[in-house]
Amino acid sequence: MQRFAPLLLEIWREAGRPAAIGEALARCAPILARRLPLDWILLRRIDPARGGVETVAAAACRPGPLPEDARTELGAPELESLVAWARAGRVAHRRGRAIAEQLPGLLTDVPDTDVLAGPLAGESDAPGVLVLGARRPRRFDAEHAELAQALLEPFGAALESDQRLRDLSTQQAAAEADRTALLTRLGRHDLQETIVGADAGFRPVIERASLVAPSDVPVLVLGETGSGKEVVARAIHQRSRRASGPFLRVNCGAIPSGLVDSELFGHERGSFTGAAAQRRGWFERADGGTLFLDEVGELPPPAQVRLLRILQDGSFERVGGQKPLHVDVRIVAATHRDLHAMVEDGLFREDLWYRLAVFPIHVPPLRDRPEDIPPLATHFALRAAARFGTSPRLPTQAELNLLLEYAWPGNVRELIAVIERAVILGEGRELKVGTALGLGRGAREARRAPVPSTRAGPPEAAVADPHARGATPFPTLDDAVRAHIEAALSHTRGRIEGARGAAALLAINPHTLRARMRKLRIEWQRFRE
């Protein structure tokens, strides 16, 4: 045994490194091939509880096919025979056909191969087996069998270590799932209170979310950046039958285009440079729960195709994989983009749009629901005080008036920043809302910024010199487009489609016209009067 010491030391070093068993076997294969006439190595496990033998890892030492015994189902007599052989702890040296006859189920379909097979010592009730194969004309001798006997201990330790790592990973995943479910149950009874504005300006949005939550149809949440689209997505999840499952958020716009498929759908080991191990994508991790695809309009066309397939039948393949995988995931997508216009421009798939927009929910910007500003400001002021360790201070009526006068181009996200800045500047003695608003980029210009009017008016309303004292403000491009569309709707009495509709009058696609009307908040119903 002493003559094998240098080789065994290398095997112990590689097998003992913390890694998956497949990686450990791949590192050991070339080392053994220097000493043995070896073509391939298998690590198999005898599983009496499930009635079979399965391959745990495989590695090729020379070009050629590997045995295809992924799993072999066995009856009780065959299992008893294999377990009895494993308990003896001795290496068996047979030709492929002979070992299939004497140890049924251990190995099949290798008639022209010389085989060394030995049971791996371990604490598990499912013993492992090391199988070495040499194709003709190569064959093993007595010295090779002696070396194989010495290899049983390091490979047995590696297999046991791999099983412990798998068990630990499973326990961690179960603990995280229990934690998520517990937090969901604790928070579910107080859901209405956690959504500030649910009884005011945000109420219609939450009502639509509650209406669609019990079903599993995809939901598309539309709204400006920072308006609260993720709040809507979480409300849908928490009111659904999936509330005890995971809720995962993916910002599609933050993923590099070359990694979108890998992030969403996962990849197999070796599928591209840097893929050192198999990776589960966001869809697999969200199985049984809800996946929130934020900024879905940023997905590149290839990813849109794969997303469409998942929405159709729930199946996909990992990058570099050939086996279809199936998941049970509810999709909630969100975007601030005009997807209608993107479809017209060929930037977003029309069939994917129809799949996602089964139940669209529009989240109005903060400037269109001013009744939400006082409770939101109070909530964020108390939260910021607790976060920064200052005395809680609530905004006064004068400070609320300043907030109500501001146009909030950044919506709720900007309100949070302003309130936190006011808390820091006030040092626990007061809220310096005025100063915080003045520090905001463009805040002085945005304060009292006119919200675009929805009344039709002729473009001639603007005076020749917009800088003259007392002059009427020069209309923006949105103002001019709004006035033009409203004039067309007035002419067609609110009709959009058809030969006598506003779309034909403006020489524009009806879908594009509707998208522009939503963006400019033009209501066609009032032109029917």
Side-chain angles (χ1 to χ4, degrees), residues 201 222-227 229 295 297-298 335-348 353 357 360 362-370 373 404-414 437 440-529:
L222 303 168
E224 296 180 6
T225 300
S227 57
K229 297 188 289 295
E295 300 302 342
E298 309 297 330
T335 182
H336 73 283
R337 288 182 171 271
D338 185 350
L339 289 188
H340 260 309
M342 291 180 67
V343 170
E344 292 293 329
D345 295 338
L347 300 176
F348 198 81
W353 157 257
H362 178 70
V363 181
L366 186 58
R367 61 180 173 272
D368 287 352
R369 42 190 175 100
I373 293 177
L404 289 167
E405 290 176 354
Y406 186 63
W408 298 112
N411 292 294
V412 179
R413 192 171 296 153
E414 185 182 11
L437 280 170
R441 183 178 181 182
R444 290 187 177 90
E445 292 79 0
R447 190 179 303 152
R448 296 296 294 170
V451 176
S453 172
T454 57
R455 295 183 299 173
E460 293 81 8
V463 298
D465 183 6
H467 302 290
R469 184 179 298 275
T472 304
F474 194 81
T476 64
L477 181 60
D478 280 352
D479 291 335
V481 173
R482 181 182 297 103
H484 196 54
I485 293 176
E486 289 181 337
L489 289 169
S490 179
H491 183 78
T492 61
R493 298 181 181 274
R495 187 183 185 91
I496 296 176
E497 297 192 38
R500 298 182 179 181
L505 188 64
L506 296 169
I508 190 174
N509 187 285
H511 293 304
T512 304
L513 177 57
R514 285 194 174 93
R516 297 273 177 85
M517 290 168 61
R518 281 196 298 271
K519 179 181 178 182
L520 299 172
R521 300 186 300 281
I522 299 175
E523 298 178 359
W524 60 268
Q525 293 92 335
R526 57 192 180 89
F527 294 95
R528 289 287 178 94
E529 299 173 359

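Below, each value reflects all heavy atoms present in this structure, side chains not excepted, and no hydrogens, waters or symmetry copies.
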What is the minimum heavy-atom distance between Pro364 and Ser227, and which atoms define it?
O-CB, 4.1 Å

Is any side-chain heavy atom of Lys519 closer than 4.5 Å to a side-chain heavy atom of His340?
no

Show the nearest heavy-atom pair for residues Thr225 and Asn411, with the distance to one decimal.
O-ND2, 3.0 Å

Return yes when atom CZ of Arg516 has more than 12 non-hydrogen atoms of other residues, nucleotides or ligands closer than 6.0 Å, and no otherwise.
no

Taking C-beta and beyond as the side chain, do Arg514 and Glu497 meet within less than 4.5 Å on heavy atoms?
yes

So, do Tyr406 and Glu414 sit near enough that their side-chain heavy atoms are less than 4.5 Å apart?
yes

Judged by atom type as modelled, is there a donor-acceptor pair below 3.5 Å linking the side chain of Lys229 to the main-chain atoms of Gly223?
yes

Does a side-chain heavy-atom distance below 4.5 Å link Met342 with Arg337?
yes

Kindly indicate whether the side chain of Ile496, heavy atoms from C-beta on, has any atom under 4.5 Å from the side chain of Phe527.
no

Using a cut-off of 6.0 Å, state whether more than 12 heavy atoms not belonging to His491 lie near its atom NE2.
no

Could you give the distance from CD (Glu224) to CZ (Arg413), rounded to the nearest 0.5 Å?
11.5 Å

Just wondering, do Leu520 and Glu486 contact through their side chains at under 4.5 Å, heavy atoms?
no

At what distance, to the nearest 0.5 angstrom, does CD1 of Ile522 lie from CG of Leu513?
8.0 Å

Where is the tightest heavy-atom contact between Gly297 and Thr335, given as atom of each residue plus distance?
N-OG1, 4.0 Å

